[in-house]
Each structure stands twice: as structure tokens, then as C-alpha cells.
Amino acid sequence: GAVVSQHPSRVICKSGTSVKIECRSLDFQATTMFWYRQFPKQSLMLMATSNEGSKATYEQGVEKDKFLINHASLTLSTLTVTSAHPEDSSFYICSARDVSGGASDTQYFGPGTRLTVL
Amino acid sequence: EDQVTQSPEALRLQEGESSSLNCSYTVSGLRGLFWYRQDPGKGPEFLFTLYSAGEEKEKERLKATLTKKESFLHITAPKPEDSATYLCAVQNTGFQKLVFGTGTRLLVSP
């Protein structure tokens with residue numbers, strides 16, 4: 001159980017284009033999803049917290065107009081990187097919070113999306 | 001500010017050579033401490049959640065323990081397939097988000 005999928009797994013785009021990444025919880029409902037980015041050999045950096053039906057909460061230093069987050073249903077959140085530039089190239093990972101286990105508040109992670117901006 | 005420090009940064013073991021990874025943390029109120037395993041180019045895979053000092057959890061060759069200031073991930077008789085980066089994270093009682101350490105890269109040689 002507790003499977004999270006991401007699509008696409010890998011994307012290459014030209015500078016100035018927008019890219020949408022989907023995150024789905026496959027076997028549980030997730031009122032809260034999280035978006036992270038990870039640079040090579042570094043740990044995960046939280047970008048934003050996405051709550052179903054409300055606006056996302058962004059971490060300090062993350063441009064909310066550049067990284068658009070939509071959490072339209074209990075199983076789907078999307079991250080759109082607008083007007084992407086080479087410095088946006090990174091590994092983007094989502095997670096979904098499963099609260100069905102009572103006290104357990106575990107985040108389950110997707111497989112990640114490798115974004116390369118040329 | 002909540003902080004997580006993991007040591008060592010990297011660890012090389014021979015197959016069958018048991019060892020421990022350390023996760024030291026400071027948090028104003030601990031809701032949970034989490035261990036994840038991450039393989040290169042993949043998302044973290046959940047291993048354990050620990051909630052209070054003295055708690056222990058086991059899964060195959062892994063055992064996680066928790067004190068008020070640190071957690072250990074003990075690896076007994078590791079195999080090459082245990083090679084990965086092991087991440088520790090804490091969740092504050094006041095927040096939903098996780099604060100991650102920088103991880104320990106484990107390499108187990110046959």
C-alpha cells in the first residue's frame with residue numbers, strides 16, 4: 001500500500017517553456033502533498049506544501065509565481081515550472097501524507113522527475 | 001529552529017560487517033522521527049517512524065532506535081543490496097513538514 005506516482009519521470013525542455021509535473025497517490029487519499037527539489041548529492045529541500053482545495057504554502061525563497069502548485073483532488077497535485085531556465089534543472093520529488101493510520105503521519109514519496117532545461 | 005545532523009556522511013562496509021548510522025536532532029517538540037532509504041535517481045522509500053524515546057522498530061536487517069537527542073539505524077550483516085543513502089527526518093508537533101538530514105551514503109561490498 002501507500003504508493004505515490006509521478007509523471008513524467010524525465011523531461012527535457014527548452015528555456016522559456018513551461019513544464020507540468022503530476023503527483024498522484026494511488027491507493028490512499030492525501031489531503032496534503034509536498035513538493036521537494038534535490039540537487040546532486042544533497043538532501044531534499046522542501047519547496048511547498050499543497051493542501052487539497054486551498055492555496056499552497058511556499059517555503060521562504062521559493063517563487064510562487066514560478067512554481068505553480070494545484071491540488072485539485074484528494075489524489076492529485078501538480079507542479080508547473082513556468083518559463084523554465086537552466087537553473088531550474090533539478091530532481092523534483094513529491095510526497096503525500098497518509099493520515100489513515102491514526103497516529104501515523106507518514107509521508108510517502110514519488111519516484112521523482114528529472115527536469116533538464118536547455 | 002529544528003535541525004537534523006547525520007553521521008557519518010559516507011560509510012563503506014564489507015558484506016556481513018554490522019554497523020550503525022547516527023541521526024542527531026534538535027526539535028522543540030517531536031511528533032515523529034522518520035527513516036528513509038534513497039537509491040540513486042529515485043524517490044525516498046519509507047522505512048520507519050519512531051515517536052518516543054525508547055522506541056525500537058525492526059525490518060529485516062535494519063533496526064531503528066530513538067532517544068531524546070538521537071536515533072540510530074543499526075544494520076546487521078548487511079548485503080550489497082543494502083547500499084543506498086539513508087535519510088533521517090523529524091517532524092515538529094507544530095508543523096506538517098519534515099526536516100531532513102543530509103543523509104549517510106552506505107556502500108556494502110561483496
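Quick caveat, the model's predicted, so the values are computed rather than measured.
Between A:Tyr36 and B:Leu98, some side-chain heavy-atom pair lies under the 4.5 Å cut-off. Taking 4.5 Å as the limit, some side-chain heavy atom of A:Glu59 sits within range of a side-chain heavy atom of B:Lys97.
Note on B:Glu45, B:Gln91, B:Gln6, B:Arg105: by heavy-atom pairs under 4.5 Å with chain A, the leading option is B:Gln91.
Shown here for B:Phe100 and A:Ser43, the closest heavy-atom pair between the two residues is CB-OG, 3.5 Å. The heavy-atom pair separating A:Phe91 from B:Lys42 by the smallest distance is CE2-O, 3.7 Å.
For chain B, the nearby part of A:Gln38 is the side chain; its heavy atoms alone come within less than 4.5 Å. Neither the backbone nor the side chain of A:Gln42 comes within less than 4.5 Å of any heavy atom of chain B.
Cluster annotation: A:Leu115 is not connected to A:Met33 through the hydrophobic network of ILVMFWY side chains, with a link wherever side-chain heavy atoms come within less than 4.5 Å. A:Leu74 and A:Tyr108 are assigned to two separate hydrophobic clusters, defined by single-linkage of ILVMFWY side chains at heavy-atom distances under 4.5 Å. Taken together through direct or relayed side-chain contacts under 4.5 Å among Ile, Leu, Val, Met, Phe, Trp and Tyr, A:Val117 and A:Val62 form part of one hydrophobic cluster.
Checked against A:Phe109 for a ring pair (Phe, Tyr, Trp, His ring centres under 6.0 Å), the options B:Tyr36, B:Phe46, B:Phe34 give a single hit: B:Tyr36.
Around CZ of A:Arg114, the count of heavy atoms belonging to other residues, nucleotides or ligands within 6.0 Å exceeds 12. Enclosure of atom CZ in B:Arg61 by more than 12 non-hydrogen atoms of other residues, nucleotides or ligands within 6.0 angstrom is indicated. When the shell of 6.0 Å around CD of B:Glu15 is examined, it contains more than 12 heavy atoms from other residues, nucleotides or ligands.
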